[in-house]
Protein chains: 2
Amino acid sequence: IIEIKNISKIYKMGKVDIDALKNVSLQIKMGEFITIMGHSGSGKSTLLNIIGLLDRPTSGTYYFEDARIDNLNEDELATIRNKKIGFIFQTFNLLPQYSALFNVELPLVYSGCSPKRCREIALSLLKEVGLSGRERHKPNELSGGEQQRVAIARALVNDPMIILADEPTGNLDTKCGNEIMEIFALLHQEGKTILLVTHNEHITSFSQRIIYLQDGKIIEGKNL
Amino acid sequence: IIEIKNISKIYKMGKVDIDALKNVSLQIKMGEFITIMGHSGSGKSTLLNIIGLLDRPTSGTYYFEDARIDNLNEDELATIRNKKIGFIFQTFNLLPQYSALFNVELPLVYSGCSPKRCREIALSLLKEVGLSGRERHKPNELSGGEQQRVAIARALVNDPMIILADEPTGNLDTKCGNEIMEIFALLHQEGKTILLVTHNEHITSFSQRIIYLQDGKIIEGKNL
Ligand SMILES: Nc1ncnc2c1ncn2[C@@H]1O[C@H](COP(=O)(O)OP(=O)(O)OP(=O)(O)O)[C@@H](O)[C@H]1O
Ligand SMILES: Nc1ncnc2c1ncn2[C@@H]1O[C@H](COP(=O)(O)OP(=O)(O)OP(=O)(O)O)[C@@H](O)[C@H]1O
Ligand SMILES: [Mg+2]
Ligand SMILES: [Mg+2]
């Protein structure tokens with residue numbers, strides 16, 4: 001379903017270049033649940049952003065459902081992204097001036113459901129991540145873990161085919177984190193493809209495959 | 001050194017009140033290293049913000065070094081805060097338009113050291129948290145864990161008497177997280193008072209006392 005070949009990402013910082021990803025190749029099959037681990041700064045978010053079509057590689061090729069997409073324009077990429085990919089950001093990236101409910105509804109509005117239906121779906125997902133009673137709060141009126149859960153609900157509300165989650169339990173207590181992982185496990189059973197970046201060894205057992213990044217290179221994949 | 005009595009915090013949200021803290025009392029001695037744990041939304045950040053003089057309680061009294069301070073004005077609170085407290089925020093709160101180095105230097109500038117000395121101290125602390133080579137990056141040019149480490153360096157650069165850390169290892173891999181905890185352990189040996197909020201059971205062994213929050217109440221303290 002996804003194949004990236006020889007992907008490199010270089011951030012140019014004036015005189016210095018940062019080689020965030022070095023010649024990374026990876027194949028992801030439909031319905032796989034993969035965990036990506038590695039040290040802070042090893043390139044995990046960079047890799048996820050490229051896979052999620054939020055960023056372009058400096059070089060290399062990207063095939064999405066067998067079609068070459070690294071050469072598409074921004075609108076074409078956005079269309080694929082909005083229809084097929086749900087992205088949970090490491091730093092949440094919520095709209096600060098809007099409520100949790102509106103933040104979660106927004107992707108639905110674009111997919112054309114009625115306002116009443118949009119609201120129902122959003123409320124149900126907020127309830128599923130344990131945020132009933134917090135729908136009207138703006139992000140700065142929510143705890144860190146609550147903001148993280150709004151970000152999770154927002155990524156799932158459009159029922160995406162592929163879920164990319166960047167440290168989705170980093171601000172959650174163990175119980176809460178496990179509840180989120182149960183949601184991912186259920187979505188996986190429904191056939192979704194999931195890439196999960198985490199530092200938390202305890203949640204790797206939910207996935208079938210672990211990929212390690214070190215200094216921008218994939219150094220090991222373990223099949224479980 | 002710090003004593004809070006019957007502290008309550010109510011967030012007013014139009015028709016609904018959120019009782020974030022309910023009648024919390026706590027004594028903290030000079031040189032203690034305390035871990036605060038609890039579910040997402042239990043009131044940990046709210047408690048830390050009040051202890052760190054970043055927020056005012058709705059009711060209750062706060063004694064800091066035996067002096068009543070919950071009735072001081074903003075300038076007086078800011079003076080105590082800048083001199084005595086180093087705060088590591090759960091969501092980093094870095095200045096986005098400035099480099100990591102400048103973000104770390106800023107508290108030093110206020111304390112009146114020479115530009116040359118400020119820079120030396122900031123660079124040395126950035127090195128200590130493993131960020132050599134990333135000093136010139138702005139926050140959005142840093143990984144999540146790197147931003148977190150800039151926030152840590154910034155809190156420590158003024159050599160504060162009290163360190164309040166809100167989930168300081170949430171975005172760090174295990175190795176990196178342990179390196180940060182070693183820094184805290186060293187500071188504790190030097191006589192600093194440390195309050196650390198965390199979800200990570202593995203780092204509680206660094207402290208001598210654990211306080212649990214549940215629905216805004218302190219329900220248990222374990223001495224280790
Ligand atoms: N916009 C940018 N400009 C320059 N360098 C960048 C930029 N974004 C990231 N980097 C650098 O690229 C490297 C990889 O970053 P990335 O965010 O992918 O790491 P990560 O594995 O997600 O780390 P963490 O676990 O800390 O979140 C880091 O060393 C970072 O400093
Ligand atoms: N400004 C605010 N206005 C209204 N409610 C708020 C505000 N800030 C926090 N809250 C609510 O108060 C409760 C406690 O928040 P707090 O940030 O202290 O939780 P926490 O224990 O730090 O959680 P986490 O582990 O998720 O970071 C939460 O349920 C939150 O929704
Ligand atoms: Mg990252
Ligand atoms: Mg918090």
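This structure is a prediction, so every number in the text was calculated from the model and none was measured. Proteins get letters first, then strands, A, B, ... in listed order; numbering begins at 1 in each. These values consider heavy atoms only, across backbone and side chains, with no hydrogens, waters or symmetry-generated copies.
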What I want to find out is whether K127(B) reaches E135(B) closely enough, with some N-O distance under 4.0 Å, to be called a salt bridge. no

Side chain, backbone, both or neither: which part of Q148(A) has an atom under 4.5 Å from a heavy atom of chain B? neither

Is the closest basic N to carboxylate O distance between E74(A) and R56(A) below 4.0 Å? yes

Heavy-atom pairs under 4.5 Å with chain A are the metric here; pick the option from N171(B), T198(B), N200(B) that has the most. N171(B)

For chain B, which candidate among G145(A), G130(A), S40(A), S143(A) shows the most heavy-atom pairs at distances under 4.5 Å? S40(A)

Using atom types as modelled and distance alone, determine if a side-chain donor or acceptor of N73(B) lies under 3.5 Å from a backbone N or O of D75(B). yes

What's the separation between atom CG in L172(B) and atom CD in E167(B), rounded to the nearest 0.5 Å? 11.5 Å

Scored by heavy-atom pairs under 4.5 Å with chain A, the best of S45(B), G41(B), S42(B), A20(B) is G41(B)

R154(A) side chain to L106(A) main-chain N or O, any donor-acceptor pair under 3.5 Å? no

Tell me, out of R136(B), E141(B), M37(B), H137(B), who's got the most heavy-atom pairs with chain A below 4.5 Å. H137(B)

Side chain, backbone, both or neither of I18(B) within contact of chain A (heavy atoms, under 4.5 Å): side chain

